Each structure stands twice: as structure tokens, then as C-alpha cells.
Amino acid sequence: MSALATNIINNIFHVIWFCYITLEPKHSLKRRVFITCAGAVFYQILMIVLMHSGIAGKMLYLVAYLLAVVIFGGVFLIFLSASHPAKSLFLVSVYFCLWTFIYGVISIVTKTKAGAGNMEIWALRIGLNLAFLFAYQFFFRKKLSEIYQKMKKDYGMVSSLSFLSFFMLTLLLIYNQSHSKWELSQVFMMALIYGSMLIVYVVLFRYIVLFDYRDKVDQMRKQEKYLQDQIDSYKKIEREARQTRHDFRHHNLVIIELIRKRDYEGVLDYLEEYESKEEEKIGRNFCNDHAVNSLLTAYLRKAQQNGILVETEIQFWETFQISDFDLVTILANILENAINGCMQVEGERKIKIVIRQKGAKLILVCNNTCINPVPFKNGLPKSSRQKSVGVESILHSAEKYCGDVDFSASEGIFTCKVILNNKGNEKEAELTERKESRTKGSMKGAKGSKKLF
């Protein structure tokens, strides 16, 4: 009965813990509880069968331990977590390291093997689990969730190190169970290994934070490059403006001569050509958002220089919640990937960028010619480079606004679609809808805001 009671206590806390540590869940909390309870019932039935099969005590303990890891870990990886399997394995291994640590502490304090025990062992198991649950819920869960969200790549290595730590603690637990005598050296060794594992996890969490910091530095470098391109663009505009002022007297002489000859058609043709040249120098005004307009101007000029035909359809006014930094980050990565995709294609190259504000949502769609077929992995375009920083950056920025990102490719056209929630409050959303309605009414029968850059 003592072994059965121990298993029941363990199963109750397994259900609670796995529902709490699911940071990117597939299902609602109610359904997660049901699935985990079903796994616990299945595990308990297996244990009852094994208890009546005549397996020796130490072997039964080891089998029960491994079954718990396989069943509850499998339920989490397959049914509970929506994260990448390697990323989910990180959480599973962290939890089971905590589980084995609790076993070890109970073993040291009670000088037992911490298996099927007595009231003292049960009380310690319940007390330690409740204490760690309380600390996790009120002190560590938010921070762990932030760190977990920052694991955008290279989590395979982090998960491997975490699982290796769990494997080492498992060997320690087996060693502890195989020795009947308690000695000071054994207690010291266990304490030393637990301390080492704690240091390993501190280093792992620190590594994840630093890796996220490195990604942010990469994005800041991209922003710096973009700003430098803008400065160069403004310098070019300034030089062209000085040249225009210098040449203005010559243009006047041409116009005066045409008027003297009463060649008014020639005057109109000359002025239209002059206006066209000046527009090319200054650039087009895509929208009222200065940051977005500057970015579009810089990247689409770069596309034009590379012989890429660009079509734009920009219809948005304000971003209530979306910061210019995040919007520029998303657009810069989309356009940079689009230009790189076009550069791999022989023949006609095209990019179409659409930005629309619809109610409380901002919709960004970019189509570009690409190689056929485009390699995909886990629903994401697979870069020819080892790491696709641009795609990861788009996904990370979209997550801040509970947005959706979709990548697809068909018949030599690659499509990136991003939807961001842009609702500041009901009044602002209503104002946006009114503006959109007025704009659509005023543009009815016309070509809209499409431009060829």
C-alpha cells in the first residue's frame, strides 16, 4: 500500500506540474488537465500490474521511474506542448531534474532510498512539491516564460545539455538506490552533483538570454545599416537639389526660348519631363508614417537598381499599438528577403508589397519571384544559409502583437503574409474604420493607391 500511495502522490503532482509548465500549449487548460490525468491513470494501471508481477523492489523502483519519464514526458511532447520537440524537451528535462532533486533531498534528509516510504517521506514529498510550485508560480514562471519565448533557434543544443543533466541525475539516483549504507562521502557527492547541475542551468539560462541579446544586436546593426542608407540617400537628394538649383537658370532659358517661338506644346512636354525627373530624385510618398515611408523608399530604390519591377499598394494611416521599430523590423526583413529571392531568378523579377489597415488589424503581404521549388522546413522557408535570421525576426516581432505569419510558394511566386493586431481602443479602431470607408469611397472607380516604383 505504501508504494501505491507514493505513486498516487507522484501522479497528482505530475499532473499539476505538467499543466503549469506548458508555456506554449496546444489546448485549453481544461483539456490539458484531462489529457494529463488520462496519462496518469494509464501509468497507475501499469504500476498496479507491475506490483503484482513479482518484480524485485529495486528493479520495480527503476522501472517505475523510467515509465514515469516516458509516459508523462511523451504526453507533454506529443499532446500538450505546441513548441518545437527539441524546445519542449528542454522543459521536460528541467522538470525531471527538479523531480530527481526532490527525490535526492528526501533521501538525504530521511536517510532512506526515498521510494515507497512512510508518512515522513510522503509529507516531505508533498511539502517540497508545494514549495517549488509556489516559488515557480509567483517568482519564476514569468521569467521562465520570457526566456522560453527567447529560444528562437539553437535550442537543440540547450535541450541536449539539459537532457544530459537529467541523465546524470538519473545515474546518481540509481547509484543512491544501489547502496544500502549511508556515508558522509555519499551525501557530499550528491550535494556536489546537485550544486553542479544548478550551475549548469544558471549557465544555460544565461546563454539563452545572451543569445537573444545577440539577435537584438544583429537587428540593431540592420537598423544602423538601414539608417546609413537613408543618410546616403538624403545626401544624394541634397546634391541633386543643389544641382537642380544650379541648372534652374538653364531650364528657364530653354522655356523662354520655346515661348518666344510660341511652341506651347514643347513647353508642356519639357515641363512634364522636368517634373518626372524631379520625382525620381525626391522619391515617392507611400504613406504618412515617416519611418515606413523612408524604409520603403530605400529598399524599393535598391530593388529598382537591381532591375526588379516593384508594385506597391499602401493603405494605412496610424499604428496605435505597433511601434515603428517593430514595423520597420518586419518590413525590412520582408523586403530584404524578397530582393534576395528575386536576385536568384533569371529573367523577369517582380515584387508586390501590400500594406492595408482593416479595422483593428494591419495586414502586410509581399509577393516576389523566386526559385522553383522553394525548400521549406516545419512550415518555414529554409535559407541557403545555416540560420535564417530574417524569418526568425519576423516571427518574433509578430508574436509581440499576437499576430499571424504565413509563408508559401507556388509557381515561382513566394508569398509572405503578416497580420498584426493594431487595436489601441474601440474609439481608435472605429476612427480607423471610418477613414478606411471614406478612402474606399473616394477611390471608387479609380486604380486605388497602386504605384509602380
Side-chain angles (χ1 to χ4, degrees), residues 24 82-84 87 146 148-155 211-227 229 287 289 291-292 294-296 298-300 302-303 310 312-314 316 319 321-344 351-358 361-371 374-410 413-422:
E24 292 178 349
S83 308
H84 188 280
K87 194 174 177 182
E146 291 176 357
Y148 191 72
Q149 296 294 331
K150 291 174 181 177
M151 292 175 64
K152 296 298 177 184
K153 50 197 169 192
D154 282 359
Y155 35 68
F211 198 88
D212 178 69
Y213 173 75
R214 192 180 74 179
D215 277 353
K216 289 181 178 178
V217 170
D218 289 340
Q219 290 303 318
M220 290 178 67
R221 285 174 180 168
K222 284 188 176 182
Q223 293 288 335
E224 182 183 8
K225 182 178 180 299
Y226 153 70
L227 290 174
D229 290 342
C287 61
D289 189 301
V292 174
S294 298
L295 179 132
L296 288 171
Y299 271 96
L300 299 188
K302 179 180 178 181
V310 180
T312 64
E313 187 175 338
I314 315 297
F316 86 103
T319 54
Q321 284 190 334
I322 305 170
S323 70
D324 280 344
F325 179 85
D326 291 325
L327 189 55
V328 165
T329 296
I330 292 171
L331 277 172
N333 282 291
I334 288 175
L335 290 170
E336 185 169 332
N337 291 341
I339 292 173
N340 291 336
C342 285
M343 295 303 295
Q344 299 177 27
I351 292 177
K352 181 178 180 180
I353 181 76
V354 178
I355 306 177
R356 287 179 180 171
Q357 192 164 338
K358 190 170 184 179
K361 294 186 181 295
L362 188 65
I363 302 171
L364 300 89
V365 181
C366 181
N367 300 317
N368 63 271
T369 50
C370 62
I371 58 174
V374 176
F376 277 82
K377 184 178 181 180
N378 298 324
L380 301 178
K382 189 177 179 182
S383 174
S384 57
R385 298 171 296 176
Q386 186 177 2
K387 300 175 183 177
S388 180
V389 178
V391 171
E392 294 288 349
S393 179
I394 293 170
L395 294 171
H396 180 64
S397 298
E399 281 180 3
K400 295 181 183 179
Y401 304 96
C402 300
D404 294 319
V405 181
D406 180 70
F407 300 98
S408 62
S410 177
I413 300 295
F414 182 85
T415 301
C416 173
K417 185 176 182 180
V418 180
I419 300 177
L420 305 175
N421 290 304
N422 184 36

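Values in this document were obtained by computation on a predicted structure and should not be read as measured data.
Once rounded to the nearest 0.5 Å, the distance linking CG of L420 with CG of L327 reads 7.0 Å. Distance check, rounded to the nearest 0.5 Å: OG1 of T415 to CZ of F407 gives 11.0 Å. Distance check, rounded to the nearest 0.5 Å: SG of C366 to CD1 of I355 gives 9.5 Å. Within the model, atoms OG1 of T369 and CE of M343 stand 10.5 Å from one another, a figure rounded to the nearest 0.5 Å. Between C342 atom SG and F414 atom CZ the span is 11.0 Å, to the nearest 0.5 Å. We find the NE2-CD1 distance between H396 and I330 to be 10.5 Å, quoted to the nearest 0.5 Å.
In this structure, L335 and L295 have side chains that are in contact, with non-hydrogen atoms separated by less than 4.5 Å. Contact check for I394 versus I334: side-chain heavy atoms found under the 4.5 Å cut-off. For the pair I339 and K302, the minimum side-chain heavy-atom distance is below 4.5 Å. Contact of the I351 side chain with the N367 side chain is not registered, since no non-hydrogen atoms from C-beta on lie closer than 4.5 Å. In this structure, the side chains of N337 and C416 stay at 4.5 Å or more apart for every pair of heavy atoms. When side chains are defined from C-beta on, L331 counts as touching V292, because their heavy atoms get closer than 4.5 Å. Residues I353 and E313 form no side-chain contact, since every pair of their non-hydrogen atoms from C-beta on lies 4.5 Å or further apart.
A donor atom on one side chain and an acceptor atom on the other are not found under 3.5 Å apart for D326 and T329.
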Quiz item: Going through the checks in order, is the side chain to side chain contact (heavy atoms under 4.5 Å, CB included) test met by I419 and L362?
Solution: CA-CA 6 Å; I419 300 177; L362 188 65; over 6 Å; no
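Across every non-hydrogen atom of A398 and V418, the tightest pair is CB-CG1, 4.4 Å. Contact record, P381 with V391: CG-CG2, 3.9 Å, taken as the closest heavy-atom pair. Counting all heavy atoms, side chain and backbone alike, I371 lies closest to V374 at O-CG2, 3.3 Å. Across all their heavy atoms, K361 and N421 have their closest contact at NZ-OD1, 2.6 Å.
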